[in-house]
Amino acid sequence: MDNKVRTFIALEIAEKSRQQAFTLEQKLMETEADVRWEPASKFHITLKFLGEIPNPEVYEICRDVAAVAKRHHPFMFCLKGVGAFPNVEKPRSVWMGVDDEGRQAITELAADVDRVMQQRGFPRELKPYFPHMTLGRIQRISPKLGDLSARIRQYEAYDAGKTFVRHLTVFASKMARSGSNYTVLSTAELS
């Protein structure tokens, strides 16, 4: 039995937005670039990745996340825009962003989660937080990446619709040959 759980804290995406984002992903797949695309069922916005957590600590982390959730009100955001890290010309991962409507609320939530997890001994995030949903990760450099970059530019303003955030979710992520599998450990309702 594993005594550690690979854990992260995230926002779930509304079903309609996940389907709209998957439609975009299919358009990007047409480029045939060597990308490991995420299935729509795994779309989410990570607030904080915690890594391998000893099993006994998972309950306490879920309790801390519930306390954070009580300090924030439900809000709406729109999944909008597509881009790549580190940039569109040399993509390593492809993402969808968040429009202005919900960006501040998500950023404040991520900062609060980061503060609380820092008190628990997790390292503080050093980079500025950028709310996004990962669509895929480039597996290897190939000539098709130029096609992918052009397609990303073509859809840079793509709108996948709105999600109403009512809770935070703590996930376990188990690695497998086919990728990772996510399991919900807890949900914490916003006040």
Side-chain angles (χ1 to χ4, degrees), residues 8-33 35-49 65 68-88 91-114 125 127-138 147-173 179-191:
F8 66 95
I9 302 157
L11 301 177
E12 295 181 72
I13 307 295
E15 180 62 28
K16 187 175 180 185
S17 289
R18 278 197 312 228
Q19 291 309 315
Q20 291 292 333
F22 185 67
T23 298
L24 167 66
E25 190 175 79
Q26 289 174 312
K27 293 175 189 310
L28 299 175
M29 283 180 194
E30 291 170 1
T31 65
E32 299 180 7
V35 178
R36 188 181 74 230
W37 298 104
E38 292 290 341
S41 62
K42 289 174 58 179
F43 288 164
H44 65 276
I45 294 176
T46 301
L47 298 174
K48 177 106 177 141
F49 179 76
V65 170
V68 169
K70 287 179 183 173
R71 294 194 289 266
H72 297 266
H73 298 292
F75 62 92
M76 185 89 68
F77 73 87
C78 183
L79 205 52
K80 188 173 182 181
V82 62
F85 293 130
N87 58 56
V88 175
R92 299 301 302 149
S93 68
V94 181
W95 50 260
M96 279 205 75
V98 173
D99 77 347
D100 293 340
E101 181 179 353
R103 188 177 300 132
Q104 183 175 348
I106 295 173
T107 301
E108 288 171 4
L109 199 49
D112 199 2
V113 165
D114 191 41
E125 296 297 329
K127 294 181 190 173
Y129 181 74
F130 176 72
H132 67 281
M133 180 185 80
T134 301
L135 294 172
R137 291 174 179 80
I138 283 62
D147 296 341
L148 178 61
S149 294
R151 188 67 59 99
I152 289 170
R153 278 193 220 71
Q154 180 183 351
Y155 288 100
E156 67 185 0
Y158 188 88
D159 187 333
K162 296 186 179 208
T163 290
F164 187 62
V165 178
R166 293 181 174 91
H167 63 268
L168 305 181
T169 305
V170 180
F171 284 100
S173 173
S180 55
N181 297 310
Y182 299 158
T183 304
V184 172
L185 298 175
S186 73
T187 57
E189 298 296 317
L190 300 180
S191 69

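Below, all heavy atoms of this structure are taken into account, side chains as well, without hydrogens, waters or symmetry copies.
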Roughly how far apart are [X] [atom1] and [Y] [atom2], rounded to 0.5 Å?
X	Y	atom1	atom2	answer
His44	Lys42	NE2	NZ	8.5 Å
Met96	Leu135	CE	CG	7.0 Å
Leu79	Arg18	CG	CZ	11.5 Å
Thr31	Asp147	OG1	CG	6.5 Å
Asp114	Leu109	CG	CG	11.5 Å
Phe49	Glu125	CZ	CD	10.5 Å

Partners of Ser173 by side-chain hydrogen bond (donor to acceptor under 3.5 Å, both in side chains), sequence neighbours excluded?
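Ser173: side-chain hydrogen bond (donor to acceptor under 3.5 Å, both in side chains) contacts with Arg6.
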
Does some side-chain heavy atom of [Y] sit less than 4.5 Å from a side-chain heavy atom of [X]?
X	Y	answer
Leu168	Thr187	no
Phe77	Phe164	no
Thr163	Ile45	no
Thr107	Pro131	yes
Arg92	Arg137	no
Asp159	Cys78	yes
His73	Leu190	no

Tell me whether the centres of the aromatic rings in Phe43 and Phe22 are closer together than 6.0 Å.
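No - the distance between ring centres of Phe43 and Phe22 does not fall below the 6.0 Å cut-off.
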
Looking only at non-hydrogen atoms, find the nearest pair between [X] and [Y] and report the distance.
X	Y	result
Pro91	Ser149	CD-OG, 3.8 Å
Val113	Lys48	CG1-CB, 3.7 Å
Asp112	His72	OD2-NE2, 2.8 Å
Ile138	Ser93	CD1-N, 3.9 Å
Ile152	Gly83	CG2-CA, 3.9 Å
Thr169	Glu12	OG1-OE2, 2.6 Å

For Thr46 and Leu11, what are the C-alpha separation, side-chain angles and deciding distance, and is it a side chain to side chain contact (heavy atoms under 4.5 Å, CB included)?
CA-CA 6 Å; Thr46 301; Leu11 301 177; over 6 Å; no

State plainly whether the residues Glu101 and Lys162 are in salt-bridge range, i.e. N to O under 4.0 Å.
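Yes.
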
Pair Glu189 + Arg166: basic N to acidic O under 4.0 Å:
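No, this pair does not count.
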
Step by step, work out the side chain to side chain contact (heavy atoms under 4.5 Å, CB included) result for Phe8 and Leu47.
CA-CA 8 Å; Phe8 66 95; Leu47 298 174; over 6 Å; no

Would the number of heavy atoms belonging to other residues, nucleotides or ligands and lying under 6.0 Å from CD of Gln104 be above 12?
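Not more than 12 within 6.0 Å, no.
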
Is the backbone N or O of Ile13 less than 3.5 Å from a side-chain atom of Ser17, with the two atoms forming a donor-acceptor pair by type?
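No, the answer is negative, given that no donor and acceptor are paired below the 3.5 Å cut-off.
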
Tell me if a side-chain donor or acceptor on Arg103 pairs with a main-chain N or O of Val98 at a distance below 3.5 Å.
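Checking the backbone N and O of Val98 against the side chain of Arg103, a donor-acceptor pair under 3.5 Å is found.
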
In terms of ring plane angle, is the pair Tyr158 and Tyr155 parallel, tilted or perpendicular, where the classes change at 30° and 60°?
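Ring orientation of Tyr158 relative to Tyr155: perpendicular.
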
Would you please classify the geometry between the Tyr182 ring and the Phe171 ring as parallel, tilted or perpendicular, with 30° and 60° separating the classes?
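Tilted: the ring planes of Phe171 and Tyr182 meet at 30° to 60°.
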
Do Gln26 and Glu30 have side-chain N/O donor and acceptor atoms under 3.5 Å apart?
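Result is no, nothing qualifies.
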
Report the C-alpha separation of Val94 and Thr134 in whole Å, then their side-chain angles, then the decisive distance to 0.1 Å, and conclude whether the side chain to side chain contact (heavy atoms under 4.5 Å, CB included) test is met.
CA-CA 6 Å; Val94 181; Thr134 301; over 6 Å; no

